Number of protein chains: 2
Amino acid sequence: MLYTIGEMAKTLGLPTSTLRFYDKKGLLPFMERSSGGMRMFSDKDIECLRIVECLKQSGLSLDDIRHFIRMTTEGDSTIDERLAMFLKRKSEVEAQIEAMQKTLETIKYKCWFYETAKAAGTTSVPASMGVEQIPQEFRKAKERLTCK
Amino acid sequence: MLYTIGEMAKTLGLPTSTLRFYDKKGLLPFMERSSGGMRMFSDKDIECLRIVECLKQSGLSLDDIRHFIRMTTEGDSTIDERLAMFLKRKSEVEAQIEAMQKTLETIKYKCWFYETAKAAGTTSVPASMGVEQIPQEFRKAKERLTCK
DNA sequence: ATATAAGTTAAACTCGAGTTTAAGTCAAGA
DNA sequence: TCTTGACTTAAACTCGAGTTTAACTTATAT
């Protein structure tokens, strides 16, 4: 099955301008052209773009992604480097998830803070609470925020 | 305790240029100046910058963060809006963590893929495997990548 | 056949988030 | 006092990741 750039944009939820931009950046090595010069995308390109999306999410720049894509076109001699890259992505994403979880804890503490403030009509109520009055679950987050 | 911009930069692990930039953007409403015009940071500013960092991590732009910071200077009349903002941050960060977990699953599948390819000496071994030969844990990730 | 929709390019533009530069001021120790 | 290092500003610059524009071509439906 072949798709035009418009169909492709729709299935991936991206603007056509982004697909052209990715093409120019060398992120679509398998994409072909029709006799009239129009881009023709295949299922292979869909998978390719999903990997691009995944790598982008993982924190890689488009230049780094192009390097990976180029490796896939160079065949089995790059297996080791590709494996190494994914192992590194794995540990970085794990670290990012951990960081996001700390961020979430801080946000939850602030939700409690403002819920308490709302009930009292003033932020000075939660702000002046001693550690013992703050629910267990929020103490760590508060400590991380305030000065040690 | 008061700190110069250099000390502050060190404790927060940010360049001084970033602190000046944040100041110019209105992200440091409590920061004072010495008689000679030098920025003097207090513990309050440290906490403020940690919140900035948290909100940035959560996906807010600096302009949105400034809006929040301005609310904190406006007192109790903005409690409701501040609570609403943190509740929204909470659900967005939860969504981001979920997305990152899917990304991680995809990456783990690719790690398995390239480990298998490495053992075989060629990517065509994992690439040509039927669903039954792919370990359970990776099947979903593979499905999400390949075309439905 | 022809209008319209969808596609093409190169080049310029945008936007957020800083960083760098240049010219000058402040603070601390010898 | 003088030097040195840290600080000040405004303005220009950078960088990544697209988006927009203008002029043009291809494909489709009537």
Side-chain angles (χ1 to χ4, degrees), chain A residues 1-28 31-42 45-46 48-70 89 92 96 99 103, chain B residues 1-28 31-42 45-46 48-70 89 92 96 99 103:
Chain A
M1 184 66 186
L2 289 176
Y3 315 87
T4 67
I5 196 170
E7 289 160 350
M8 196 62 174
K10 221 173 202 175
T11 44
L12 291 168
L14 293 171
T16 57
S17 60
T18 300
L19 292 175
R20 292 199 187 94
F21 174 71
Y22 284 2
D23 180 21
K24 204 163 61 181
K25 276 251 149 180
L27 266 40
L28 295 166
M31 194 212 63
E32 313 235 332
R33 298 282 185 145
S34 74
S35 54
M38 308 244 153
R39 288 177 183 83
M40 299 309 293
F41 295 80
S42 72
D45 299 303
I46 296 184
C48 201
L49 282 161
R50 292 209 172 116
I51 290 290
V52 166
E53 212 180 311
C54 168
L55 291 175
K56 210 153 65 79
Q57 257 278 21
S58 86
L60 239 41
S61 70
L62 295 189
D63 279 4
D64 289 342
I65 295 173
R66 173 181 39 210
H67 177 227
F68 166 74
I69 296 284
R70 184 164 301 144
R89 284 304 92 208
E92 296 231 333
Q96 278 171 241
T103 295
Chain B
M1 185 65 186
L2 290 175
Y3 316 86
T4 68
I5 197 172
E7 289 160 351
M8 195 64 174
K10 222 173 200 173
T11 44
L12 290 169
L14 292 172
T16 57
S17 61
T18 300
L19 292 176
R20 292 199 186 94
F21 174 71
Y22 283 2
D23 180 20
K24 205 163 61 183
K25 278 252 149 179
L27 265 41
L28 295 166
M31 195 211 62
E32 313 237 330
R33 298 282 185 146
S34 75
S35 54
M38 308 244 151
R39 287 177 184 83
M40 299 309 293
F41 295 80
S42 72
D45 299 303
I46 296 184
C48 201
L49 283 161
R50 291 209 174 115
I51 290 290
V52 166
E53 213 180 310
C54 169
L55 291 175
K56 210 154 64 80
Q57 257 277 22
S58 86
L60 237 42
S61 72
L62 295 189
D63 279 3
D64 289 342
I65 295 172
R66 174 179 40 207
H67 177 229
F68 166 74
I69 296 284
R70 186 164 298 147
R89 283 305 92 207
E92 295 230 335
Q96 278 172 243
T103 295

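A note on names: the letters A, B, ... follow the listed sequences, proteins ahead of strands, and every chain is numbered from 1. The model shown is predicted, which means the values in this text are computed figures rather than measured ones.
With Thr103(A) contributing its side chain and Ala99(A) its backbone, the two residues share a donor-acceptor pair below 3.5 Å.
In this entry the distance linking CZ of Arg33(A) with P of dT8(C) reads 6 Å, nearest Å. The separation between Met8(A) atom CE and dG7(C) atom P is 13 Å, rounded to whole Å. The interatomic distance linking His67(A) (NE2) with dG16(D) (P) rounds to 17 Å, in whole Å. Here the C1' atom of nucleotide dA6(D) and the CG atom of Leu19(B) are 14 Å apart, to the nearest Å. To the nearest angstrom, C1' of dT8(D) lies 16 Å from CG of Leu28(B). When rounded to the nearest whole Å, the span between NZ of Lys10(B) and P of dC7(D) equals 10 Å. Here the C1' atom of nucleotide dT8(C) and the CE atom of Met40(A) are 14 Å apart, to the nearest Å. Taking atom CZ of Arg66(B) as the reference point, atom P of dG16(C) lies 11 Å away to the nearest angstrom.
Between Glu53(A) and Lys56(A), none of the side-chain N atoms (NZ, or NE/NH1/NH2) sits under 4.0 Å from a carboxylate O, so this pair counts as no salt bridge. Electrostatic pairing of Arg33(A) and Asp23(A) counts as a salt bridge here, judged by a charged N lying under 4.0 Å from a carboxylate O. A salt bridge links Asp63(A) to Arg66(A): at least one charged side-chain nitrogen sits closer than 4.0 Å to a carboxylate oxygen.
Within 4.0 Å (heavy atoms only), Thr4(A) reaches sugar-phosphate atoms of the nucleic acid but no base atom.
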B/S/- contact track for nucleotides 17-30 of chain C, protein heavy atom under 4.0 Å: SBBB-----SS---

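In terms of phosphate contacts, Arg39(B) brings no side-chain nitrogen or oxygen within less than 4.0 Å of OP1 or OP2 of dC7(D).
Using a 4.5 Å heavy-atom threshold, the side chains of Phe21(A) and Leu62(A) count as touching.
No more than 12 heavy atoms of other residues, nucleotides or ligands lie within 6.0 Å of CD in Glu32(B), so this atom counts as exposed by the packing criterion.
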